[in-house]
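So the structure is just underneath, and the comments pick up after that.
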Amino acid sequence: MSGPLAVWANGRLLDTTEQAVDLTDRGLLLGDGLFETLPVFNGVPFKLDEHIKRLSEAAVLLGLFIEKAVLRNAVQAVAKKNPNGHGIVRLTVTRGSGGRGLTPPMTASPSIFAVLMPWTPGIAFEPVKLATSTIRRNDRSPVSRIKSLGYLDNILAQREVTKLGAGDALILNTAGRVCCTTIANLFLFDGKKLVTPPLFEGVLPGIMRQMLLTEAKTLNVPFEERPVLREDLTSAQVVFITNSLRFTRQVTELDRKPLGSRAAELVRHFSLQLLERAREDCGGLPGDLETVRQSMSATLHINHAAG
């Protein structure tokens, strides 16, 4: 099934065939809005509070003030509608309808939508090849640090690298330093510490990114947030990316050249920790993720025993 399982719009659950968007909505016409995407396991949205906090803070930046309880209710209303309990929720907030021109209306009437889609087995943990996009991320723009509806740069970057046989694009900022991919935060291990670009480089404060930094403390892995050059990726022991739906993905190639895998076990450690957190918080995992969790747990146990 590829269509929505449930749709919530402006206070009520809709029949999935109903039109939910006003054709004069500024989100549709101008990209004047925000979104969050998060997984649902066993009917429980994973890291819901963190996603709502990020969206609420971004909304204030846009001059929109929305009660967190309304956002939470929207997500929870659709999260319960999948019979098997697993899915993906897209939460969207727009400024609502307005007149012509860029100037927002004096009094906004935000529109809020939550859509539940089926969980896609195999979406997480797949290794990925990256290619460097010619499109740069504007690290001086506040939009670089929020999930705005304006994703054309990311879409164009993805189109560009798909033609090169890559699964995702490495995006540099205006200074030519490493920022992110089209959909993920980026990490490397240099042999001594875990490194990730800081937010001031134009980085989205990813939910999984913050989780992984927390897990680094738990695993006693030194880490540093500092500017990263493309050359740092090619010399790293391992490079990987994080995303709320895909958890962690090891980067195997950059611009058709192999990247290091000497610290691949470290990525598995982090992956297992993140899966355990999701399992604990949601009371279980989809079958594909549970299989991955058990496999990682057994493999790491065997490796430790051998060591």
Side-chain angles (χ1 to χ4, degrees), residues 37-39 41 46-47 50-51 54 121-130 167-168 170 178-199 203-226 228 232-254 258-282 284-286 288-307:
T37 308
L38 63 156
F41 305 135
F46 184 45
K47 293 297 175 183
E50 288 82 350
H51 281 277
R54 182 171 66 179
I123 194 174
F125 302 109
E126 289 185 348
V128 62
K129 299 176 182 179
L130 299 183
D168 199 352
L170 174 66
V178 170
C179 185
C180 55
T181 77
T182 63
I183 59 171
N185 292 115
L186 187 141
F187 289 84
L188 66 89
F189 185 70
D190 65 5
K192 296 181 179 179
K193 57 186 174 297
L194 188 70
V195 178
T196 192
L199 300 184
V203 173
L204 177 77
I207 305 303
M208 198 63 70
R209 174 185 184 273
Q210 186 55 51
M211 279 189 67
L212 194 135
L213 292 176
T214 300
E215 294 303 330
K217 294 180 181 178
T218 301
L219 294 172
N220 294 317
V221 177
F223 66 86
E224 182 181 10
E225 296 180 70
R226 64 164 172 80
V228 174
D232 295 329
L233 303 183
T234 59
S235 63
Q237 289 193 1
V238 72
V239 177
F240 63 100
I241 59 178
T242 59
N243 170 281
S244 287
L245 299 180
R246 292 163 175 81
F247 286 76
T248 61
R249 303 176 72 190
Q250 185 176 332
V251 181
T252 58
E253 291 183 13
L254 175 60
L259 292 184
S261 60
R262 285 174 289 168
E265 185 168 302
L266 178 65
V267 181
R268 289 194 291 273
H269 271 287
F270 282 127
S271 301
L272 180 59
Q273 290 293 102
L274 297 175
L275 277 174
E276 293 289 7
R277 296 293 174 264
R279 184 168 175 259
E280 292 167 5
D281 290 358
C282 301
L285 297 168
D288 63 313
L289 294 188
E290 179 58 26
T291 298
V292 171
R293 187 193 70 81
Q294 292 179 13
S295 176
M296 286 181 178
S297 182
T299 302
L300 291 171
H301 177 74
I302 290 171
N303 287 346
H304 288 163

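Since the structure is predicted, the reported quantities are computational estimates derived from the model, not experimental observations.
- A distance of 11.0 Å separates OG in Ser271 from CD in Glu215, rounded to the nearest 0.5 Å.
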Margin query: side chain to side chain contact (heavy atoms under 4.5 Å, CB included) for Leu233 and Leu170? Distances and angles first, verdict last.
Written below: CA-CA 11 Å; Leu233 303 183; Leu170 174 66; 3.9 Å; yes
Note to self: Apply salt bridge (Lys or Arg N to Asp or Glu O under 4.0 Å) to residues Glu224 and Lys192 and explain how you reach the verdict.
What the structure shows: CA-CA 10 Å; Glu224 182 181 10; Lys192 296 181 179 179; over 6 Å; no
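- A 4.5 Å side-chain heavy-atom check between Val239 and Leu254 finds every atom pair outside the cut-off.
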Margin query: Assess the residue pair Arg262 and Phe189 against the criterion (side chain to side chain contact (heavy atoms under 4.5 Å, CB included)); give the C-alpha distance rounded to whole Å, side-chain angles, the decisive distance to 0.1 Å, and a yes or no.
Written below: CA-CA 10 Å; Arg262 285 174 289 168; Phe189 185 70; over 6 Å; no
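- With contacts defined as side-chain heavy-atom distances shorter than 4.5 Å, the pair His269/Gln273 does not qualify.
- Using a 4.5 Å heavy-atom threshold, the side chains of Phe46 and Asp281 count as touching.
- Pairing each heavy atom of Pro121 with each of Asp288, the nearest pair is CA-OD2, 3.4 Å.
- One finds the CD atom of Glu290 at 5.0 Å from the CZ atom of Arg279 (value rounded to the nearest 0.5 Å).
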Checklist line | side chain to side chain contact (heavy atoms under 4.5 Å, CB included) between Leu212 and Phe240, intermediate numbers included | finding: CA-CA 11 Å; Leu212 194 135; Phe240 63 100; 3.5 Å; yes
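- Listed by chain and residue number, Trp119 satisfy the ring pair (Phe, Tyr, Trp, His ring centres under 6.0 Å) test with Phe41 (two or more places apart in sequence, or in another chain).
- Within the 4.5 Å cutoff, the side chain of Thr242 has no heavy atoms near those of the Phe270 side chain.
- The CG atom of Leu186 lies 8.5 Å from the SG atom of Cys180; values are rounded to the nearest 0.5 Å.
- Residues Pro39 and Leu245 approach most closely at N-CD2, 3.6 Å, considering heavy atoms.
- At least one donor-acceptor pair closer than 3.5 Å links the side chain of Arg54 to the backbone N or O of Pro205.
- Between Lys217 atom NZ and Leu194 atom CG the span is 12.5 Å, to the nearest 0.5 Å.
- How far CD1 of Ile207 is from CD of Glu50: 6.0 Å, rounded to the nearest 0.5 Å.
- At a threshold of 4.5 Å between non-hydrogen side-chain atoms, the residues Leu130 and Thr181 count as touching.
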Check: Could you walk me through whether Phe187 and Val228 pass the side chain to side chain contact (heavy atoms under 4.5 Å, CB included) check?
Finding: CA-CA 9 Å; Phe187 289 84; Val228 174; over 6 Å; no
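- To the nearest 0.5 angstrom, Leu275 atom CG is 11.0 Å from Glu280 atom CD.
- The nearest pair of heavy atoms linking Pro198 to Arg209 is CA-NH2, 4.0 Å.
- Checked by atom type and distance alone, the side chain of Ser297 never pairs as donor or acceptor with a backbone atom of Arg293 at under 3.5 Å.
- The shortest distance between side-chain heavy atoms of Phe223 and Val195 does not fall below 4.5 Å.
- The only member of Leu188, Val203, Asn185 that meets side-chain contact (heavy atoms from CB on, under 4.5 Å) when paired with Pro197 is Val203.
- Tested against Ile183, the residues Ile241, Thr37, Asp168, Leu204 include a single side-chain contact (heavy atoms from CB on, under 4.5 Å) partner, Asp168.
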